[in-house]
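Below is one structure, written out as structure tokens, with a few remarks after it.
Only a predicted model underlies this, so the values are computations on that prediction, with no experimental measurement involved. Letters A, B, ... mirror the listed sequences (proteins, then strands); counts begin at 1.
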Number of protein chains: 2
Amino acid sequence: MATIYEVSKLAGVSLATVSRVINSNAPVREATRKKVEAAMAELGYRPNSVAQSLASSRSNSIGILVSELNGPFYGVLLSRIEAEFRAAGKHVIIAAGHSNESLERESIEFLRSRNCDALILHVEAVSDDYLIELSGKGCAFVLINRYVEELADRCITLNNHYGGYLATRHLLELGHRDIAYVSGPMWKHDAQERYNGHREALAEFHINVDPALVFEGDFQETGGEQALAHFLQQNLKFTALVCANDEMASGAITSAHDLKIKIPEQLSVIGFDNVNFAHYIYPKLTTIDYPIGDIGQMAARWVIKNVYQQPNTAIQEVFEPRVVQRDSTHACS
Amino acid sequence: MATIYEVSKLAGVSLATVSRVINSNAPVREATRKKVEAAMAELGYRPNSVAQSLASSRSNSIGILVSELNGPFYGVLLSRIEAEFRAAGKHVIIAAGHSNESLERESIEFLRSRNCDALILHVEAVSDDYLIELSGKGCAFVLINRYVEELADRCITLNNHYGGYLATRHLLELGHRDIAYVSGPMWKHDAQERYNGHREALAEFHINVDPALVFEGDFQETGGEQALAHFLQQNLKFTALVCANDEMASGAITSAHDLKIKIPEQLSVIGFDNVNFAHYIYPKLTTIDYPIGDIGQMAARWVIKNVYQQPNTAIQEVFEPRVVQRDSTHACS
DNA sequence: TTGTAGGCGTTATCAT
DNA sequence: ATGATAACGCCTACAA
């Protein structure tokens, strides 16, 4: 691979001049530029990005840490982030934290050791304190789907509380009064917030929360299956079911099919996230849209603005969810 | 951030010695090592991987190019690749080619300019010649799901032909004789191969291919919808439908629901890929399992073996598909 | 507008 | 076993 030195020799100019035409960060006479460009073309020269990084202390790489690499949710997140950075000539280094504290910490260290210019973090297990300390160390990062007061200016979040509220209100407006709720693991912030939103909606309609109608699931399909089985077993009366994410809604619906419970006629089900398989489910799932792609893009823009200092559109820190009505919910008969 | 130089000063040894304990690639007296390690700990030293790369001409990064970052298929691929490399202390740089030739080329150049030690490519649009030329340039890469004769030793593939054969044979064995086929875009190698497998199965049962019962879809849900509409419109008789991937199968099934066609009673449907939403579909989709995760892992191992020269298990170059029977296929009545 | 020269933090080749 | 010292390929004041 040709180096900048060979290019300068062939073009008959100095190292510095070649560097200038590469980065176009200083005036170069048109004729000189042409000569240099010709030389680069002839040698098939491509700058060595590693050397560039070392000299400029910028790696032009951004570390992304998400819980999982598979799953419909993270897929669109990654996709949008990559597209945004790609357009800016940056590249992304991706790691998975698997919602596990030590793995998340390791991954962050791993990414840092890779000299990323910035990190985009979707972490669930590490503590707020850890993150605050990290930011104290001068590590540039944005937090996705997590709000830490001390780090407010670097949090891009969904209003989960409002989403939970919307889901339940949707059912209430359809006339349902006996509404069961399958939450995610309560140690997860978003699960907590969505649940609180649910309670707020009930309160607004002067309905007491019946603890028997709340089940803590695992955000997986099995959670939905278990929840439905659990509620049915206790002979509880409920005409609608709120699931804190679409996976669990899918599980619940599958179970319902097996039990010959007609959806939505006998039971209305609403999910949360609007992942792309939501409409593969039969009947098509009514859910709360989580604009995760937009959030990812915004996180990327945050980095471009704050780390690469490029003039940029404004940063939107909180995104609002909305109801996507499909076929799995129905007026209470 | 502390440098190796500061560590050497604090430990009272030379630069070279510190480097030796970092890489443990040369003998260091136990006492010296302890001193150095203490110094590193005290300073919170972490090697600068960029400088390491420049000096050693190894970036410890592997470029991954896939068509899409979202979608169930690529998610598990990426996930397994990342896990394998992570365990080896390497990291992955990910880019998307969107099945578009110029984008794929650009992405490859992009990854190369990032000094990746190797590339794992899932490309569909670039030509065989381009890939052969690339390998001529001394670029180390593995090809996933694509077979190029001249590059045979760096291809990790699924036996798509056999998969197509299995899908159709499954239906034939259930007694179906009028089998419609929705292919993927025929310019894609795998679409072509799967279709050939389908024909082979028909031939084995002495059935002529009826061109009217073949529809070229787009590997998306819409393809399945269009195909079903197309076949129905022509009043063709068919009791079973082979879809060249699960997305199209999902589309076809959704349409069937809308048209009150009972599946599998009136129409058996089989997909291909066994993506993870295959069982979200109702009825649960019978399909051909594509062990994409295993293939990704094997590609990673190929790199670890051939590029990082680590003793390694054998490389399996071709993976075999198998039928996953669920609820969408049924004996012909 | 262009050139010179000193770093950036490591690795690796010599000596010792 | 350890220590100098020259690369590695590029950026960036500072000079000219």
In whole Å, what is the span from the OH atom of A:Y5 to the P atom of D:dC8? 12 Å
At under 4.0 Å, does any side-chain N or O of A:N25 touch on OP1 or OP2 of D:dT12? yes
Mind calculating the distance between CZ (B:R33) and C1' (D:dA1) to the nearest angstrom? 12 Å
Check the distance between D:dT2's C1' and B:K9's NZ and give it to me in whole angstrom. 19 Å
Give B:T32 one of three labels, base, sugar-phosphate or nothing, depending on what nucleic acid heavy atoms sit under 4.0 Å from its own. sugar-phosphate
On the six-membered ring of B:F219, is B:K188 placed so that its NZ or CZ lies under 6.0 angstrom from the centre and within 45° of the ring axis? no
Taking only the side-chain nitrogens and oxygens of B:Y45, find out if one of them lies under 4.0 Å from OP1 or OP2 of C:dT10. yes
Contact class for A:V50 vs. all strands (heavy atom < 4.0 Å): base, sugar-phosphate, or nothing? nothing
Taking B:E109 first and then B:R105, would you say they form a salt bridge - that is, a charged N and a carboxylate O separated by under 4.0 Å? no
Would you kindly give the CG-to-P distance between B:L43 and C:dG9, to the nearest whole Å? 14 Å
For B:S49, report the nucleic acid contact type (base, sugar-phosphate, nothing); a contact means any heavy atom under 4.0 Å. nothing
Regarding the side chain of A:R20, the nearest nucleotide among D:dG9, C:dC14, D:dC14 is D:dC14
Check whether any side-chain nitrogen or oxygen of B:S14 sits under 4.0 Å from OP1 or OP2 of D:dA4, and answer yes or no. no
From the candidates C:dG9, D:dC11, C:dT2, the one with an atom nearest any side-chain atom of B:A55 is C:dG9
Close side-chain approach of B:H98 to B:E104, heavy-atom, < 4.5 Å: no
Using whole Å, report how far CG of A:N115 lies from P of C:dT10. 9 Å
In whole angstroms, how far is the P atom of D:dA15 from the CG atom of A:L15? 19 Å
Rounding to an integer number of Å, can you tell me how far B:I22 CD1 sits from C:dG9 C1'? 10 Å
Can you find a side chain N or O atom of A:N48 that sits less than 4.0 Å from OP1 or OP2 on D:dC8? no
Give one of base, sugar-phosphate or nothing for B:T17, where a contact means two heavy atoms less than 4.0 Å apart. sugar-phosphate
Decide side chain to side chain contact (heavy atoms under 4.5 Å, CB included) for B:I156 and B:M298; before the verdict, give the C-alpha distance in whole Å, the side-chain angles of both, and the deciding distance to 0.1 Å. CA-CA 8 Å; B:I156 314 276; B:M298 193 53 72; 4.1 Å; yes
B:D128/B:R146 ion pair, N-O < 4.0 Å: yes
Residue pair B:P27/B:L54 against DNA chain D: nearer the 5' end by closest nucleotide is B:P27
Is it the case that the base of C:dG9 and the side chain of B:R46 share a donor-acceptor contact (distance under 3.5 Å, atom types as modelled)? no
Of the listed nucleotides C:dA12, D:dA1, C:dT4, the one nearest the side chain of A:A16: C:dT4
Measure the distance from NZ on A:K34 to C1' on C:dT1 and round it to the nearest whole Å. 17 Å
Sub-4.5 Å side-chain heavy-atom contact between B:I120 and B:V303: yes
Picking from C:dG9, D:dA4, D:dT12, which would you name as closest to the side chain of B:A51? C:dG9
Just call it for A:V18: base, sugar-phosphate, or nothing, with non-hydrogen atoms closer than 4.0 Å on any strand. nothing
